[in-house]
There are 2 protein chains.
Amino acid sequence: MEPPRSEEVLVERAHGLAGRTVGELGRSLEVDVPATPRRAKGLVGQLVERALGASAGSADEPDFLEIGVELKTLPVGPEGRPKESTFVATIKLNEMAETDWEASTVWRKLRRVLWVPVEADPALPLPARRLGAAILWSPSAEQVAALRADWETIATYVLRGEADRITGHLGTYLQVRPKAAHGGVRTRAPDAAGGYQWTGPRGFYLRTRFTEQVLRAL
Amino acid sequence: MEPPRSEEVLVERAHGLAGRTVGELGRSLEVDVPATPRRAKGLVGQLVERALGASAGSADEPDFLEIGVELKTLPVGPEGRPKESTFVATIKLNEMAETDWEASTVWRKLRRVLWVPVEADPALPLPARRLGAAILWSPSAEQVAALRADWETIATYVLRGEADRITGHLGTYLQVRPKAAHGGVRTRAPDAAGGYQWTGPRGFYLRTRFTEQVLRAL
DNA sequence: CAGGATCCACTATTGGATCCCG
DNA sequence: CGGGATCCAATAGTGGATCCTG
């Protein structure tokens with residue numbers, strides 16, 4: 001499918017997904033959907049990408065590059081609350097010195113997002129889970145200010161050479177957590193002496209308390 | 001010891017307790033203090049009552065009746081946060097129809113409270129735990145409004161004959177939980193038909209999120 | 001490895017149950 | 001039993017670890 005040429009086209013396509021199941025979506029794309037997401041963690045996100053015409057495998061840019069919109073599926077429980085935090089972007093430890101908030105991948109991805117809720121009750125087989133009504137969203141001024149404050153707190157640690165002191169506890173809404181295939185992976189970060197050190201790769205995540213606000217705003 | 005004749009006298013006495021241990025307090029009152037509160041749950045509260053001159057065993061009225069002040073010890077963890085909810089009063093299910101917030105035992109006890117923090121680290125033997133600086137407190141207008149709203153929600157259940165539907169989940173700050181020697185105790189409550197039904201005795205408790213505000217306000 | 005995310009062990013919180021004294 | 005409270009099993013929440021694809 002071609003990339004949508006406008007937000008209107010994107011939203012129209014997204015509304016066509018509301019109420020459909022993950023199994024139906026998989027059949028229409030000729031993809032096999034296993035009974036559980038355990039070994040297919042990103043599958044639903046990738047199916048929705050294809051169904052909406054995102055340019056697959058786009059690196060480090062919003063999924064719908066032409067119209068500046070990021071796509072995020074959001075696992076929701078029976079009461080409509082998010083069940084998990086949301087991955088936003090890998091943290092580029094060695095590039096933070098040349099980056100500010102406005103230029104950050106976090107800001108470039110979060111300024112415009114199409115949220116697609118997906119049922120996530122573990123008792124429900126993956127193919128039976130339904131997609132919800134998509135929400136095309138931008139953060140409020142307060143949310144931008146809070147996200148920026150979190151981002152700058154984290155950036156300060158990295159620039160001081162204290163990347164290893166960053167834990168998931170930091171940040172009101174935006175946090176940093178490990179992001180790797182397994183615990184043995186290493187990457188480089190600045191150290192306090194102007195050189196570099198080895199540390200585990202990590203990513204920025206939105207806490208559920210943030211995405212819960214997003215869903216309630218509707 | 002005689003009851004304090006004024007808040008000033010009470011606060012002066014309370015300041016004399018700050019920094020002392022429960023063991024010291026027990027010795028001065030010739031009371032044996034066991035190593036743990038497990039079998040002496042209300043002991044510290046009763047020792048502080050005696051040390052400050054509360055009229056012991058006062059029924060259903062503020063501890064310092066003459067000056068209208070209630071005494072509450074507050075178990076606090078290493079970071080100064082309350083470790084437990086705080087019992088306020090038994091809920092008189094069969095008298096709620098004749099009571100409103102202004103006349104309630106909850107309001108009469110909470111409008112003026114002397115909070116006495118007590119260390120509560122389980123690793124610390126009871127006699128070694130120290131008393132903190134007492135706080136003579138009244139609720140803010142917002143706090144009164146919130147407590148009253150919780151109380152009225154609960155009262156509505158009782159008056160509808162739905163006392164059995166009240167659980168600890170109700171109430172932002174004020175909740176209702178069992179209050180009995182054991183689960184077999186029964187008491188009477190109104191039923192929906194104008195008669196009565198048997199149910200377990202319960203009491204009003206302040207959630208720690210409330211008492212945490214009290215401690216931070218200083 | 002970056003992007004799509006969820007898993008799950010551990011910690012924190014909750015609220016129903018309980019204990020002593022007069 | 002009412003007033004002084006804490007205990008502790010079960011649930012909810014957090015954040016470090018992990019899984020698949022291109």
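Below, chain A is the first sequence line, B the second, and so on; all start at residue 1.
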_Judged by each residue's nearest nucleotide on DNA chain C, which is more toward the 5′ side, A40(B) or A120(A)?_
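The residue whose closest nucleotide sits nearer the 5' end is A120(A).
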_Regarding dG3(C), can its base be found pairing with the side chain of K109(A) as donor and acceptor, where the two atoms are less than 3.5 Å apart?_
no
For residues 170-185 of chain A, tabulate all N or O donor-acceptor pairs below 3.5 Å that involve a side-chain atom, not counting sequence neighbours.
from: Y173(A); atom 1: OH; to: Q213(A); atom 2: NE2; distance (Å): 3.0
from: Q175(A); atom 1: OE1; to: R177(A); atom 2: NH1; distance (Å): 2.5
from: Q175(A); atom 1: NE2; to: G168(A); atom 2: O; distance (Å): 2.8
from: R177(A); atom 1: NH1; to: S85(A); atom 2: OG; distance (Å): 2.9
from: R177(A); atom 1: NH2; to: S85(A); atom 2: OG; distance (Å): 3.3
from: H182(A); atom 1: ND1; to: G184(A); atom 2: N; distance (Å): 3.2

*Please check if the side chain of S138(B) supplies one atom and the backbone of R111(B) the other of a donor-acceptor pair under 3.5 Å.*
yes
*G161(A) backbone acceptor or donor facing Q197(A) side chain under 3.5 Å*: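 Yes.
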*Could you write nucleotides 7-15 of chain C as a row of B, S and -, 5' to 3', where a protein heavy atom under 4.0 Å of any base atom gives B, of only sugar-phosphate atoms gives S, and otherwise -?*
BB----SSB
*asked:* Suppose we screen for side-chain contact (heavy atoms from CB on, under 4.5 Å). Which residues come up paired with A97(B), at least two apart in sequence or across chains?
replied: L159(B)
_Residue list, side-chain contact (heavy atoms from CB on, under 4.5 Å) with P78(B), at least two apart or on another chain_ = none
*asked:* Once you apply a heavy-atom cut-off of 4.0 Å, does G42(A) come out as touching a base, just sugar-phosphate, or nothing?
replied: base
_At 4.0 Å (heavy atoms only), tell me whether V185(B) reaches a base, stays on the sugar-phosphate, or touches nothing._
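The answer is sugar-phosphate, as V185(B) gets under 4.0 Å only of primed atoms, P, OP1 or OP2.
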Mind checking side-chain hydrogen bond (donor to acceptor under 3.5 Å, both in side chains) for [X] and listing every partner two or more places apart, or none if nothing turns up?
{"X": "E212(B)", "result": "R81(B), R216(B)"}
{"X": "T199(A)", "result": "D164(A), R202(A)"}
{"X": "E95(A)", "result": "none"}

*At the 4.0 Å heavy-atom cut-off to chain B, mark where contacts on DNA chain D begin and end, going 5' to 3'.*
dC1(D) to dC8(D)
*asked:* Per the salt bridge (charged side-chain N to carboxylate O under 4.0 Å, His left out) rule, what does the pair list look like for residues 21-46 of chain B, sequence neighbours excluded?
replied: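 Checked against salt bridge (charged side-chain N to carboxylate O under 4.0 Å, His left out) - neighbours excluded - the pairs reaching residues 21-46 of chain B are R20(B)-E24(B).
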*Which residue pairs pass the salt bridge (charged side-chain N to carboxylate O under 4.0 Å, His left out) test with at least one member in residues 64-74 of chain B, sequence neighbours excluded?*
E70(B)-K72(B)
_At 10 degrees resolution, what angle do the end axes of the helix from dC1(C)-dG22(D) to dG22(C)-dC1(D) form when each is taken over five base pairs?_
50°
*Where along residues 64-77 of chain A does a heavy atom fall under 4.0 Å from DNA chain D?*
none
